There are 2 protein chains.
Amino acid sequence: MSTPTRVPPRGDRRAGIVAAALELFADKGYLATTMDDIGRAVAMRGPSLYKHVASKQDLLVEIMERSIATVLRDHRIAVESTDDVREQLRRAVEAHVRFHARHRLEAFVGTRELRHLDEANRAVMLSLRKDYESGFRELVERGVAQGRFRVGSVKLAVYSILDMGVGVAVWFREGGEFSVDEVAYHYGDQALRLLGAD
Amino acid sequence: MSTPTRVPPRGDRRAGIVAAALELFADKGYLATTMDDIGRAVAMRGPSLYKHVASKQDLLVEIMERSIATVLRDHRIAVESTDDVREQLRRAVEAHVRFHARHRLEAFVGTRELRHLDEANRAVMLSLRKDYESGFRELVERGVAQGRFRVGSVKLAVYSILDMGVGVAVWFREGGEFSVDEVAYHYGDQALRLLGAD
DNA sequence: GCACGTGGCTAGTGGGTGTTAGCCGAGCGC
DNA sequence: GCGCTCGGCTAACACCCACTAGCCACGTGC
């Protein structure tokens, strides 16, 4: 039997493996996904994967690190793009929602499989997630201090806004009833309403 | 070694097993929990569990069924307790939040472990969850029709309200900063704001 | 044209897991 | 007191899975 694929372009075989792992982890869960499953998705046997990755755990770590790094970057960009608190919050929420719509699978795996990260990596991820949450809290607190927002509880408002964005990852489908932009806009709007903005 | 517990009260040994399974499923996940783990939690060996339950899957099914039945019942009671749409929605949201605060673990397992239900049971659960969602959608639609709510999109508003309630299960702790009632009240408020109520 | 690194393969290892089989002590009905 | 049911136990079965060992084809550098 001759090789069906002539020659894999370069050493980016690893990227394909990570992508396949992401899809499988999101679909079946980390524990339910076997190395053979991942191998099958990239047309090789399970053990061959070890020529490209150190372990199954490494795949999870790589997925999570990339994911959280993206969210934090997008958030920073959104907040730094204006000085007006109201607008900062709108853009931060839109970035949050855009991420959860565009990177559904990463978002999914990022929250669902946190407990299957080994201790050290989980601690790092939890800390980064806390930072992210803090960014929103500071934003809302500043808005309240400036009299732009009126909330019963900053903490509960922030949790609510974040969680409704997280939920997008569950139901959103590319090419479905809503575009990413529509969802982002509506959610930004809802967040501002929830904060009693203006 | 004599029996440490003199005699288990009655045949409610099963209830203890389900409770232990719930805690473990919520903590480690369904797949990561072994029958030995569950056995240890109720002071017996794994295989002995089979004198009380048919399978590990049965434990998951029982947990999920009880969980969804509770939510649906609470929702119905809330909606039937008044005729005013605004008040119906407030009470439905409060019931939703109360459930996710009081039955954190059930809520957790109910959403996180859905994929590990076998096909038949999963279909039933998904259908029941759809019914629950529909209840909220009809409520919001009625409110909009009566001019009591003003929303950009009924669907997105409903998703948002449900998801922010679901999120409560993640962070809520009995005896923490907020009581169940406080959270329920605040979330009811936030939902009404989000709907542009009144 | 040859050595060698790359990246695939098969075979195996060591451990884990749901579940069944079969044993047995204790309490209860009669 | 006898037998039966209940509910525990240990042993074992039948897989499954991450990962390792060791082999080999192929393309490239020289």
Side-chain angles (χ1 to χ4, degrees), chain A residues 1-22 24-25 27-63 109 113 115-119 121, chain B residues 1-22 24-25 27-64 109 113 115-121:
Chain A
M1 180 188 324
S2 69
T3 56
T5 56
R6 47 194 92 261
V7 157
R10 257 301 128 231
D12 61 354
R13 209 98 175 71
R14 186 186 169 91
I17 293 172
V18 175
L22 170 59
L24 286 162
F25 290 170
D27 184 41
K28 316 174 46 167
Y30 176 71
L31 289 183
T33 300
T34 71
M35 291 302 272
D36 274 321
D37 289 336
I38 300 171
R40 200 172 309 119
V42 295
M44 64 169 87
R45 297 294 124 84
S48 302
L49 295 171
Y50 289 88
K51 298 283 178 172
H52 304 278
V53 300
S55 67
K56 185 180 167 186
Q57 174 77 203
D58 264 20
L59 284 169
L60 186 57
V61 172
E62 176 152 341
I63 288 167
V109 172
E113 309 295 352
R115 58 180 151 203
H116 297 123
L117 277 183
D118 47 41
E119 196 49 40
N121 285 311
Chain B
M1 185 189 316
S2 69
T3 56
T5 55
R6 45 194 94 262
V7 157
R10 258 299 129 233
D12 59 354
R13 209 97 175 73
R14 186 186 169 90
I17 293 171
V18 174
L22 169 60
L24 286 162
F25 290 169
D27 184 40
K28 315 173 48 167
Y30 176 71
L31 288 183
T33 300
T34 71
M35 290 303 270
D36 274 321
D37 289 336
I38 300 171
R40 200 172 309 119
V42 295
M44 65 169 88
R45 297 295 124 84
S48 301
L49 294 171
Y50 288 86
K51 298 285 178 172
H52 304 277
V53 299
S55 66
K56 185 180 167 186
Q57 174 77 203
D58 265 20
L59 284 169
L60 185 58
V61 171
E62 176 151 342
I63 288 167
M64 294 230 177
V109 172
E113 309 296 351
R115 58 180 151 203
H116 297 123
L117 277 182
D118 46 42
E119 197 48 43
N121 284 312

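Small disclaimer: the values here were computed from a predicted structure and weren't measured.
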Q. Does the A:Asp58 side chain pair with the main chain of A:Val53, one donor and one acceptor, at a distance under 3.5 Å?
A. no
Q. If every non-hydrogen atom of B:Val42 is compared with every non-hydrogen atom of B:Ala20, which pair is closest and at what distance?
A. CG1-CB, 3.8 Å
Q. Between C:dT6 atom P and A:Arg14 atom CZ, what is the distance in whole Å?
A. 15 Å
Q: Can you measure from OG (A:Ser48) to CD1 (A:Ile38) and round to the nearest 0.5 angstrom?
A: 13.0 Å
**Q.** Between C1' of C:dT10 and OH of A:Tyr50, the distance in whole Å
**A.** 16 Å
Q: Compare side-chain N and O positions of B:Arg13 against OP1 and OP2 of D:dC6 and report whether any pair is under 4.0 Å apart.
A: no
Q) Passes side-chain contact (heavy atoms from CB on, under 4.5 Å), A:Met35 versus A:Arg45? Steps please. A) CA-CA 8 Å; A:Met35 291 302 272; A:Arg45 297 294 124 84; over 6 Å; no
Q: In whole angstrom, give the distance that lies between atom CG of A:Leu31 and atom C1' of C:dG15.
A: 15 Å
Q: Apply side-chain contact (heavy atoms from CB on, under 4.5 Å) to A:Asp37 and list each qualifying residue two or more places apart in sequence or on a separate chain.
A: A:Leu24, A:Lys28, A:Thr33, A:Thr34, A:Arg40
(Q) Does a side-chain N or O of A:Ser48 approach OP1 or OP2 of C:dG7 to a distance below 4.0 Å, or not? (A) no
Q | DNA chain D-proximal residues of residues 36-47 of chain A, any heavy atom under 4.0 Å | A | A:Pro47
Q | Those residues of residues 56-63 of chain A lying under 4.0 Å from DNA chain D by at least one heavy atom | A | A:Lys56
Q. To the nearest angstrom, how far is B:Met35 atom CE from D:dC16 atom C1'?
A. 18 Å
Q) Is there a donor-acceptor pair under 3.5 Å between the side chain of B:Tyr30 and the backbone N or O of B:Gln57? A) yes
Q: In whole angstrom, give the distance that lies between atom CD1 of A:Ile17 and atom C1' of C:dG7.
A: 10 Å
Q. Does any N or O in the side chain of A:Glu113 come within less than 3.5 Å of the main-chain N or O of A:Leu31, such that one atom is a donor and the other an acceptor?
A. no
Q: Assess whether side-chain contact (heavy atoms from CB on, under 4.5 Å) is satisfied between B:Arg13 and B:Lys51, documenting all intermediate values.
A: CA-CA 10 Å; B:Arg13 209 97 175 73; B:Lys51 298 285 178 172; over 6 Å; no
Q) For the side chain of A:Lys51, counting heavy atoms from C-beta on, which of C:dC23, C:dT19, D:dG22 is nearest? A) D:dG22
Q) Out of A:Leu117, A:Asp118, A:Asn121, which one pairs with A:Leu60 under the side-chain contact (heavy atoms from CB on, under 4.5 Å) rule? A) A:Leu117
